[in-house]
Amino acid sequence: MTRKRRRLYIVGGFMLIFASAAALVLMAFEENIVFFYSPTDLAQQMAKQPMPPNRRLRIGGLVEEGSLGREKDGVTITFRVTDTVEVIPVRFRGLLPDLFREGQGIVAEGSMAADGIFVASEVLAKHDETYMPKEVADALKEAGQWQGKVNEQ
Amino acid sequence: MSMHYFANPTRFTRLAGRIQPWAGGLSAVLLAVGLYLALVAAPADYQQGDTVRIMFVHVPSAWMAMFCYSFLAVASAVALIWKHPLADLAAKASAPIGAGFTFLALVTGSLWGKPMWGTWWVWDARLTSVLILLFLYLGYMALWQAIEDSQKAAKAAAVLALVGAVNVPIIKFSVDWWNTLHQPASVLRMDGPAIHPSMLWPLLIMALAFQAYFVALLLARIRMELNLRRIRALRLAERAS
Amino acid sequence: MESFMQFAEMGGYGGYVWPAFGIVLAVMLFMWIAGMRGWRKSEQVLASLRSSRRQREDISE
């Protein structure tokens, strides 16, 4: 075995071991890396081990069509976050990002209240990976070919 | 023709001298065309309006950030295994360029995130792993500075570069492996690009402009590192005599 | 003039779009100038070192 070949094996083996170690660490810490829970994730989590109330967490999903409402005070808004399987009602008071609208993906940070409503302190908008001019989007919608990534969140 | 053909520094310098002005000129032309397309010709996005124009500098910066690191890691591996005389210098020369592009990807992403997501920064897997990339570049450059003996510095820096290479696939696939605020890939994905051609072309032209810029600047920096090595050798010889 | 104002406004997002393009061009220009200047300077230093060395060799002969 030449010295070059030996060095090649050493470097290759080192990389392989290091990459596997990194993969194991990432898998072990998956729960900490995930930025938000989907409503389904949260429901499963609650069924397994109920979370203490007021624990800070983030939930993410789509703002359900027709769910957006305003409370009597005029500033608090309510809506439901869905992943088309489970639904979480959310209450929020504060500034909304420009992209926030029904059908839009969002991530909300806050905690579960005792009445089962998620009280958010911050709402962020999440957009998908499709980009197109408005005319194309309108034409697609008109032709009934709109696939809007609703189910891919 | 083997890889070692261009390992010869004199031959490399001659070839670099020929490529460098072409790459620089190509980059300038593509950048001018790309900027016009990005700022004027490309349409606004149906959802994101004119903020989508930030994509035309953000995405090429992020691609270059990852490309430079891949180049740095491969050059470091070649240096460690085959002791290629130019590989260490090529890796060293590429680091500041990669750090610059990583910084730009982070800043432009922040300027895009504030109006669209509603935040400058979040600690999701994509953003965090790109920040780690910036630290890897800075650490790599600091290591070269910190170790006096350039042979030892090259070896230590190369090992760090290879360790950090694990981060590159993590950045790329972070948006698929974990829930992130950052959206998944739009161009390099299984089902083909999810960008309308009227926006894809300006993006690709900008990406090409950045790539040509990288080639021209990298060649100049490698030639500088070569000169610095020769200068050091000459000064050492002088002191010895 | 009006269309220029409209262009500069970027649909109300000019405050984000222009700084993004500005910083990209500024950093790329800075890296370019720093890189090219460093390279040219290294060429000069190397050339002067080599010529002074040659001169001394000529004298010593």
Side-chain angles (χ1 to χ4, degrees), chain A residues 3-12 14-15 18-23 26-27 30-38 41 58-61 94-101 104-107 109 122-138 140-141 148-149 152-153, chain B residues 42-49 51-52 55 59 73 76-78 80-83 112-119 122-129 158-159 162-167 169-170 174-175 177-187 189 191 193-200 203:
Chain A
R3 288 172 66 183
K4 275 174 194 172
R5 174 143 300 186
R6 213 186 68 204
R7 285 201 295 264
L8 175 65
Y9 288 149
I10 291 173
V11 171
F14 164 79
M15 285 300 286
F18 185 72
S20 337
L26 289 176
M27 281 198 275
E30 185 173 8
E31 272 184 34
N32 299 300
I33 300 170
V34 163
F35 188 62
F36 60 83
Y37 294 104
S38 72
D41 290 341
R58 294 192 203 89
I59 57 165
L95 239 82
L96 287 168
D98 294 1
L99 271 187
F100 183 89
R101 61 187 75 131
Q104 184 69 41
I106 60 117
V107 174
E109 184 175 347
E122 191 179 29
V123 172
L124 304 175
K126 180 172 160 53
H127 58 81
D128 61 37
E129 68 276 28
T130 41
Y131 300 91
M132 62 178 88
K134 189 172 180 307
E135 300 79 54
V136 176
D138 290 345
L140 277 177
K141 276 176 190 156
K149 305 265 157 183
E152 276 194 20
Q153 282 293 318
Chain B
D45 182 60
Y46 75 109
Q47 265 203 324
Q48 307 191 44
T51 59
V52 78
M55 172 181 74
V59 171
S76 298
V78 170
L80 275 182
I81 298 165
W82 289 283
K83 309 269 176 195
W112 193 6
K114 183 59 186 171
M116 287 300 102
W117 296 343
T119 181
V122 290
W123 294 100
D124 82 348
R126 170 55 75 81
L127 277 66
T128 308
S129 56
V159 171
L162 287 181
V163 168
V166 174
N167 193 35
I170 293 178
S174 55
V175 288
W177 290 342
W178 303 289
N179 287 336
T180 53
L181 187 60
H182 197 285
Q183 71 283 3
S186 295
V187 180
R189 51 180 232 144
D191 309 333
I195 302 186
H196 191 263
S198 60
M199 299 175 185
L200 185 59
L203 178 63

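A, B, ... follow the sequence lines: proteins, then strands. Residue 1 opens every chain.
At least one donor-acceptor pair closer than 3.5 Å links the side chain of R7(A) to the backbone N or O of L80(B). With hydrogens and angles disregarded, no donor-acceptor distance shorter than 3.5 Å links the side chain of T130(A) to the backbone of A194(B). A distance-only check finds no donor-acceptor pair linking the side chain of K83(B) to the backbone of K4(A) [under 3.5 Å].
With a threshold of 4.5 angstrom between heavy atoms, F14(A) approaches chain B through side-chain atoms but not through N, CA, C or O. With a threshold of 4.5 angstrom between heavy atoms, S198(B) approaches chain A through side-chain atoms but not through N, CA, C or O. For V163(B), the parts lying under 4.5 angstrom from a heavy atom of chain A are both the backbone and the side chain. Proximity to chain A (any heavy atom under 4.5 Å) is restricted, for I170(B), to the side chain, taken from C-beta onward. Residue A185(B) touches chain A through its backbone alone, counting heavy-atom pairs closer than 4.5 Å. Looking at R58(A), there are no atoms closer than 4.5 Å to chain B (heavy atoms on both sides), in backbone or side chain.
Ranked by heavy-atom pairs shorter than 4.5 Å toward chain A, the options A42(B), G113(B), A44(B) are led by A44(B). Annotation: maximal heavy-atom pairing with chain A below 4.5 Å, among I195(B), L181(B), V187(B), T180(B), occurs at L181(B).
The shortest non-hydrogen separation linking P184(B) to E129(A) is O-CB, 3.3 Å. When all heavy atoms are compared, the tightest approach of A22(A) to V166(B) is CB-CG1, 3.6 Å. The two residues M132(A) and M199(B) make their nearest non-hydrogen contact at C-CE, 3.4 Å.
Q48(B) CD to K134(A) NZ: the interatomic distance, rounded to the nearest 0.5 Å, is 15.0 Å. Rounded to the nearest 0.5 angstrom, F36(A) CZ and N179(B) CG are separated by 4.0 Å. Here the CG atom belonging to D98(A) is positioned 8.5 Å from the OG1 atom belonging to T51(B), to the nearest 0.5 angstrom. Rounded to the nearest 0.5 Å, atoms CD1 (I33(A)) and CH2 (W177(B)) are 10.0 Å apart. The distance from the CH2 atom of W82(B) to the CZ atom of R5(A) is 9.5 Å, given to the nearest 0.5 Å.
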request  = Please lay out, stage by stage, how W117(B) and V107(A) fare under the test side-chain contact (heavy atoms from CB on, under 4.5 Å).
outcome  = CA-CA 9 Å; W117(B) 296 343; V107(A) 174; over 6 Å; no
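Tested against Y131(A), the residues Q47(B), Q183(B), H196(B) include a single side-chain contact (heavy atoms from CB on, under 4.5 Å) partner, Q183(B).
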